[in-house]
Amino acid sequence: MDYLFDALEGMDFTLLYGAVLRYIFPILAVIVLGRCAKSLLTFRREAEIWAWLRLPTGDRLPVTHWESLIGRGKNCDISVDYPTVSRTHAVLTRYDDGSWSIGDVGSKGGVEVGRRPVPFCAVSYGDVISLGGVDLHLLPVTEEEQSRQTSNRTRPGRNIKPSVTLFYLTLFQLLTALQLLLVVDPEEVSQVIISFGGLAVLEWALFWSMRAFRRTGYEVETIAFFLTTLGLAVIASSAPSELIKQLISAFMGLAAYLCIGWSLRDLERAKRVRYLASALGIGLLLLNLAFGSEQYGAKNWIYIGGVSFQPSEVVKLCFIFAGASTLDRLMAKRNLLLFIAYSGIICACLALMNDFGTALIFFTAFLVIAYLRSGDFATLALICAGTGFAGILALRFRPYVLRRFAAWGHIWEDPLGTGFQQTRSLMCLASGGLFGLGAGQGWLKYVAAADTDLVFAMVAEEWGLLIAVITVLAIVCLCVFVVRSAPVGRSSFYTIGACAAATILLVQTLLNVFGTIDFVPLTGVTFPFISNGGSSMISSWGLLAFLKAADTRQNASFAIRLPGRHQTEEATT
């Protein structure tokens, strides 16, 4: 081992990096992201057929969602064009165990099951559902239809092997670790080896575990591990003593990812969790207000026994649980008053903590959730107007926020004062060029918050502008995937949750990047997966679970039960 380190120390690092590695890293990054993006963004958006509704004419209408709005209106999931059927008449719901229910949503003609008027009722295959006097028969999907559907639907990993993509990522991690071993102090070598080795073990263990459960989609997780790798590289350069802590946070984040995925596995369980999550979100922020410590102008940290965490990061997950809802409840309770009140309390607590960057993220996520729940632009316009007025008051009574806005666009007028961080970020970003100076060779690491609020510039300085842009494209890729998956989503709960989570990830990324380069005021928010911080890492993995639940490709998501192995074998033969 000593001989190895002596050999590494004797190598000309500048020559090695400039001649080889600085060009290899962008190529590997493009390969990893390109393979993931191609698999995520080019799949056929096939609708899944869960049952059939037979009309009086004998025609069959496919039921392609777990929650389907039935009515005469063209915007309904199942359009029944009879004059006695209301524009929005009823919601047909499928549950995780395969059972069904029908619920009236304020129709004029009412709903009957077995000739009995019912506002809500469980139904079975073969039952006659009467909507305004129009009889519909609920029929199952035959085994032949199910087998044909399973074999024809897009199955991730069939053309673009996730194991090959993960191999390229592991090679990227190996070269990164070797490069860092050339520049870190001898006492920090073990931490580099443990952190990158541990991350590689974690990603391969998760991959084989998912394969054991016949889940073949691994692109979302691969992107997260790629970003986490760059995060560890940044920390190894700026604060190597925190590498192990960040690795532990990645393990905890993966645990949160699996726990949230398990809760979403059963929508009835997810409904119960959302009430607990809603109360937990308010409780954490009240605890923060009472016992929080101020850092960089915002009172958003709690210290317990030498361990610090940001409650607002965990509240992001609670907020999504509170906002997501199934279609039957949305149609029965169209008003948003409770969720508006909940969102107002969350944002008010964040404002009292001076954490206006996070408050903006929550507000943007609120707008997305509110629109998906109501589709009412007029209400959202009024909410935006009221929020704008509240923002003006915040600038008036919160000098800390006003100073941030005053420096925006004028950082070069005071480069040693209010503009110190951003002017240094821009200079270091430019000095890195397209391919970077090399890990550990940058200067920005000596500036406060370089590995958190300014991490985009640090990545650009040491790894090059190409890889820095790729990190942003990785987040954009996840968001576009959610947008493509939403129209064929199984449940509104999954669709709303995934869209809100993608919004948080994207807005957080844009605020971090644009704040660094002075396109917007520096808000102090982190870059998902990359910025140093355990709370941010755990939250980012938790948000990823909502994206994964919305994946509608065959054998990709953990949100539905897969058919038995014998059924799968029959479908593929």
Is there a side chain to side chain contact (heavy atoms under 4.5 Å, CB included) between L230 and E462? Walk through the geometry before answering. CA-CA 11 Å; L230 288 174; E462 298 195 352; over 6 Å; no
Evaluate the side chain to side chain contact (heavy atoms under 4.5 Å, CB included) criterion for residues I24 and F172: first the C-alpha distance (whole Å), next the side-chain angles of each, then the deciding distance (0.1 Å), finally the verdict. CA-CA 9 Å; I24 291 179; F172 184 95; over 6 Å; no
In sequence, state the C-alpha distance, the side-chain angles, and the governing distance for L166 and L169, and then conclude on side chain to side chain contact (heavy atoms under 4.5 Å, CB included). CA-CA 5 Å; L166 199 56; L169 176 57; 4.0 Å; yes
For a side chain to side chain contact (heavy atoms under 4.5 Å, CB included) check, start with the C-alpha distance between L174 and T170, then their side-chain angles and the critical distance, and finish with the verdict. CA-CA 6 Å; L174 176 62; T170 305; 5.6 Å; no
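The two atoms that bring Q421 and A449 nearest to each other are NE2-CB, 3.8 Å, heavy atoms only. Across all their heavy atoms, G198 and F251 have their closest contact at O-CZ, 4.2 Å. Considering every non-hydrogen atom in both A322 and S278, the closest pair reads CB-OG, 3.2 Å. Taking each heavy atom of G323 and F339 in turn, the nearest pair found is CA-CE1, 3.4 Å. The shortest non-hydrogen separation linking L180 to A439 is CD2-CB, 3.6 Å. Residue L444 comes nearest to A457 through the heavy atom pair CD2-CB, 3.6 Å, listed as atom of the first residue, atom of the second, then distance.
Going from atom CD of E221 over to atom CG of L547 covers 10.0 Å, rounded to the nearest 0.5 Å. One distance of note links OG of S539 with CD1 of I504; it measures 7.0 Å at 0.5 Å rounding. Here the CZ-CD1 distance, from F435 to I467, works out to 9.5 Å after rounding to the nearest 0.5 Å. Atom CG of residue L360 and atom CZ of residue F366 lie 13.5 Å apart, to the nearest 0.5 angstrom. In this structure, the separation between OG1 on T222 and CG on L206 is 9.0 Å, given to the nearest 0.5 Å. With rounding to the nearest 0.5 Å, the separation of SG in C479 from CG in L506 is 4.5 Å.
No side-chain heavy atom of C477 sits less than 4.5 Å from a side-chain heavy atom of E219. Side-chain contact between L367 and Y371: absent, with no pair of heavy atoms (C-beta onward) separated by less than 4.5 Å. At a threshold of 4.5 Å between non-hydrogen side-chain atoms, the residues Y218 and S163 do not count as touching. Within the 4.5 Å cutoff, the side chain of L264 has heavy atoms near those of the F321 side chain. Side chains of V315 and T358 form no contact here, defined as non-hydrogen atoms less than 4.5 Å apart. A 4.5 Å side-chain heavy-atom check between F225 and F529 finds every atom pair outside the cut-off. Put simply, the side chain of F309 does not reach to within 4.5 Å of the side chain of I538, judged on heavy atoms. Counting heavy atoms from C-beta on, the side chains of S531 and N512 come closer than 4.5 Å.
Atom CE of M252 sits in a sparse spot, with 12 or fewer heavy atoms from other residues, nucleotides or ligands closer than 6.0 Å. Y168 OH: 12 or fewer foreign heavy atoms inside a 6.0 Å radius. In the displayed structure, K38 atom NZ is contacted under 6.0 Å by at most 12 heavy atoms of other residues, nucleotides or ligands.
Using a distance-only test at 3.5 Å, with no hydrogens or angles considered, a donor-acceptor pair links the side chain of D551 to the main chain of R553. No side-chain donor-acceptor contact under 3.5 Å links S237 to the backbone of V234. Listed for the S492 side chain is a donor-acceptor partner under 3.5 Å among the backbone atoms of S325. Proximity of a side-chain donor or acceptor of R35 to a complementary backbone N or O of I160 within less than 3.5 Å is not detected. In terms of modelled atom types and a separation under 3.5 Å, the side chain of T503 and the main chain of C499 share a donor-acceptor contact. Under a 3.5 Å cut-off, the side chain of Q508 and the backbone N or O of T526 do form a donor-acceptor pair.
The aromatic rings of F25 and W463 sit perpendicular to each other, their planes meeting at more than 60°, with 30° as the lower class boundary. Classified by interplanar angle (parallel below 30°, tilted 30° to 60°, perpendicular above 60°), the ring pair W204/F207 is perpendicular. Using a 30° and 60° split on the angle between ring planes, F456 and F527 fall in the parallel class, below 30°.
Of the options L505, L510, I530, V513, a side chain to side chain contact (heavy atoms under 4.5 Å, CB included) to I475 is made by L505 and by none of the others.
Using a 4.0 Å cut-off between charged side-chain N and carboxylate O, E461 and K445 make no salt bridge.
A donor and an acceptor atom, one from each side chain of S536 and Q310, are nowhere located under 3.5 Å apart.
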